Amino acid sequence: MKTFGGPVLFLDRSDINTDEIIPAKYLTEITKEDLKPYILEDLKLPGFDPNGPKTKNARVIVSRANFGCGSSREHAPWVFEVNGITAVIAESFARIFRQNMFNCGMAAIELPKADLDLIFSHASDEDATMSIGIEAGTLTMNGGGKQKTFSFEISPFDKALVLAGGWVDYADQKY
Amino acid sequence: MGKTTAEKIFDAHLVNEPFPGTKVLRLDAVLCHEITTPIAIDDLIRRGKDRVFDPTKIKAVIDHVTPSKDTKTATQAKILRDWARRHGIKDFFDIGANGVCHALFPERGFIRPGYTVIMGDSHTCTHGAFGAFAAGIGTTDLEVGILKGVCAFRQPKTIKFNVNGTLPKGVYAKDVILHIIGKIGVNGATDRVMEFHGATIDGMTMESRMTLCNMAIEAGGTSGICQPDMTTVDYLWPFIQGEFASKEAALADYSQWRADADAEYDQTIEIDVAVLEPTITFGYKPDQVKTVSEMAGTPLDQIYIGSCTNGRIEDLRIAAGILKGHKLAPNVRGILSPATPKVQQQAMHEGLIDIFMEAGFCVTNPTCGACLGMSNGVLAEGEVCASTTNRNFMGRMGKGGMVHLMSPATAAASAIEGKIADPRKYL
């Protein structure tokens, strides 16, 4: 199983799409590692720098509704993975992106808007970090001297994929 | 309680339910292209699992960047080509026979009512036009599909769209789906099937139904689905006449996949197309739509007609009908990319290619190319494109470029005027 948690990158907008996460022109790369420099290259958000230290240090992304909409490209979770980001927390996800995350053994965690508002209140905390317990179904937000724990649910299948580290070997054994 | 089309297909293809809420389905067609498949092939090789579940159920095409533009794209094509040969995948479409996947595979008769179809491409929802459950998936799901012929899904709920009314002059399937996306939003159908019913859909060609279902994903939909009928049978007849004694027999069989009258829906949405106008996107999301009256006069740099949304023969006929006898305005350039070689050849026979070329269009070979900013018409920073494609995300057709999605008719009228223009005055 992958490890989850660490410094948080806040992306405060809904409908962040796969072209913003990894532009199509990089889909000609053959290895996941080659995608690394292009993370979130086309995302335009106030104060966001795709090459800045917050992006480089991030282990968790927090965003809003319909995260990962658009293309089916698994390059989107991969570009996160090779940059050390293994979990995305959002109000909702596009179906294909969400499944791609779990299929790679990564976590796409949905929280209600009210919880996300509380988490986003840490957006300006330089020390904002999150710890995530997949089996317990809890995550804890730390920053600015404050701490708060939230509970979440992921489907039993998706949890099994995270614990197994992905879908291919599981499916090959079972089907 | 009756069932929706997707529920019937799920029940008929269920392998098992490994966990509550997750259903593993047997697949009828696994479609592959050279962008998302080579990484799956590479991973299968690394795992020592370079196998395919059934070479007759796997179809593959080189379509996104073709002919290859550089070493990287040539390598992707080669990986797919070598793999297809190695595994005896007979339905592999290489240069000369290749076209945009979601136009080519239906044209070859590969998609049938009741089928389960996956592809590592979000616009796979197009194939639901045949009464199939067709879903875009990522590379890992594709890998498992190739290896085992199964895919896991959460059973989607279904939204029923009752689409009625006569399409006004200048309003087409593209305008209808842009209007619907504008109404329900880019995540209005997430984890939902969009099932299309009503007299307007009944009167649509298969080409128009594919345009409609193609953009289901732009509302977050898992699959668009139309109800199989005689139009479906007529389209498929050259491929199925050996299987059925008559078209009526085929229709009787395919009708098993039609939704039951008492099926239960998550939502039912009524759409009256009689009041629609040509519809165009204005922002960077497909749900940001306005009427042509509101958008007319918007300056343009490029007109692009093609793609899995609107690169079929019907689309070329509509655009050529408007362009005939006209020239591109001097401030714009035009690119036509017929979606398949058959479309291109048919357009030549009908004199449509002449009309486009006399208007000043560049005619490219069939490819996805410019639609996703990969080749054959990428925009420069600050340029604006009137496009018959399906996605207007920031940077989609080139970094810093702006895309306005519209029908082939509106694109053709806009080509003549060099700015967004109302097609109705040319009809």
Side-chain angles (χ1 to χ4, degrees), chain A residues 14-21 23-32 34-35 41-44 65-78 91-105 155-161 166-175, chain B residues 15-16 18-22 24 35-36 38-39 42-44 47 49 64-65 70 72-73 75-76 79 119-124 135-144 147-150 152-154 156 185-187 190-191 217-218 220 222 285 372-374 378 391 393-396 398-399:
Chain A
S14 289
D15 306 316
I16 288 177
N17 66 58
T18 48
D19 281 68
E20 291 170 312
I21 296 168
K25 64 184 173 192
Y26 302 122
L27 303 187
T28 62
E29 301 296 343
I30 307 282
T31 73
K32 294 181 187 181
D34 289 335
L35 301 171
E41 184 180 279
D42 278 356
L43 181 65
K44 304 269 187 287
N66 199 31
F67 188 89
C69 61
S71 160
S72 65
R73 64 190 69 154
E74 206 158 300
H75 305 68
W78 294 337
E91 193 181 330
S92 61
F93 292 93
R95 175 190 62 88
I96 306 174
F97 176 84
R98 182 189 66 214
Q99 202 57 52
N100 287 347
M101 288 283 288
F102 288 116
N103 283 349
C104 294
S155 81
F157 177 63
D158 294 335
K159 189 185 255 185
L161 294 179
W167 170 222
V168 176
D169 287 328
Y170 180 93
D172 196 25
Q173 283 164 23
K174 303 263 179 181
Y175 297 99
Chain B
V15 175
N16 74 349
F19 296 94
T22 297
V24 174
I35 295 294
T36 50
I39 301 191
D42 182 61
D43 192 60
L44 287 170
R47 291 172 188 270
K49 300 180 194 291
H64 272 56
V65 186
D70 55 18
K72 283 178 178 170
T73 53
T75 303
Q76 289 181 308
I79 293 170
M119 182 171 197
D121 191 288
S122 61
H123 293 107
T124 306
I137 44 81
T139 287
T140 301
D141 273 334
L142 177 67
E143 222 171 301
V144 171
L147 189 62
K148 308 303 287 188
V150 298
F153 290 98
R154 294 183 187 180
V186 288
N187 59 352
T190 302
D191 284 315
I217 184 68
E218 307 311 330
T222 304
K285 297 197 299 169
L372 70 166
M374 294 197 84
V378 178
R391 217 162 252 167
F393 294 162
M394 184 177 276
R396 172 75 177 177
K399 198 178 177 78

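In this text, all values refer to a predicted model and were calculated from it rather than measured experimentally.
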task: Output, in order, the C-alpha distance, side-chain angles, deciding distance and verdict of side-chain contact (heavy atoms from CB on, under 4.5 Å) for T36(B) and H64(B).
output: CA-CA 10 Å; T36(B) 50; H64(B) 272 56; over 6 Å; no

Taking atom [atom1] of [X] and atom [atom2] of [Y], what is their separation to the nearest 0.5 Å?
| X | Y | atom1 | atom2 | result |
| --- | --- | --- | --- | --- |
| S71(A) | R391(B) | OG | CZ | 6.0 Å |
| N66(A) | N187(B) | CG | CG | 4.0 Å |
| F102(A) | K159(A) | CZ | NZ | 10.5 Å |

Flag the one option from [options] with the top tally of heavy-atom pairs under 4.5 Å to chain B.
| options | result |
| --- | --- |
| S155(A), C69(A), A160(A), G70(A) | G70(A) |
| L43(A), N100(A), I96(A), T18(A) | I96(A) |
| A24(A), A76(A), P156(A) | P156(A) |
| N17(A), L27(A), D15(A), D19(A) | N17(A) |

Which atoms of [X] come close to chain A, meaning under 4.5 Å heavy atom to heavy atom: side chain ones, backbone ones, both, or neither?
| X | answer |
| --- | --- |
| T222(B) | both |
| V24(B) | side chain |
| L372(B) | both |
| V15(B) | side chain |
| P20(B) | both |
| T139(B) | both |
| R396(B) | both |

Please identify, among [options], the residue contributing the most non-hydrogen atom pairs under 4.5 Å to chain A.
| options | value |
| --- | --- |
| H123(B), M374(B), E218(B) | M374(B) |
| D70(B), V378(B), L147(B) | L147(B) |
| I35(B), V150(B), T75(B) | I35(B) |

message: For D121(B) and T124(B): C-alpha separation, side-chain torsions, deciding distance, then whether side chain to side chain donor-acceptor pair (under 3.5 Å) applies.
response: CA-CA 6 Å; D121(B) 191 288; T124(B) 306; 4.7 Å; no

- request: Check whether any side-chain heavy atom of R154(B) lies under 4.5 Å from a side-chain heavy atom of D158(A), and answer yes or no.
  value: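 Side-chain contact under 4.5 Å: yes.
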
Pick one of side chain, backbone, both or neither for [X], based on which atoms fall under 4.5 Å of a heavy atom in chain B.
| X | answer |
| --- | --- |
| Y170(A) | side chain |
| T31(A) | neither |
| D169(A) | both |
| K44(A) | side chain |
| P23(A) | neither |

Is the closest basic N to carboxylate O distance between [X] and [Y] below 4.0 Å?
| X | Y | value |
| --- | --- | --- |
| E143(B) | K49(B) | no |
| R98(A) | D191(B) | yes |
| K32(A) | D42(B) | no |

- request: Carefully, step by step, assess E74(A) and T140(B) under the rule side chain to side chain donor-acceptor pair (under 3.5 Å).
  value: CA-CA 8 Å; E74(A) 206 158 300; T140(B) 301; 2.3 Å; yes

message: Run the side-chain contact (heavy atoms from CB on, under 4.5 Å) test on K399(B) and K25(A) for me, step by step, so that the C-alpha distance in whole Å, both residues' side-chain angles and the decisive distance to 0.1 Å come before the verdict.
response: CA-CA 10 Å; K399(B) 198 178 177 78; K25(A) 64 184 173 192; 4.2 Å; yes

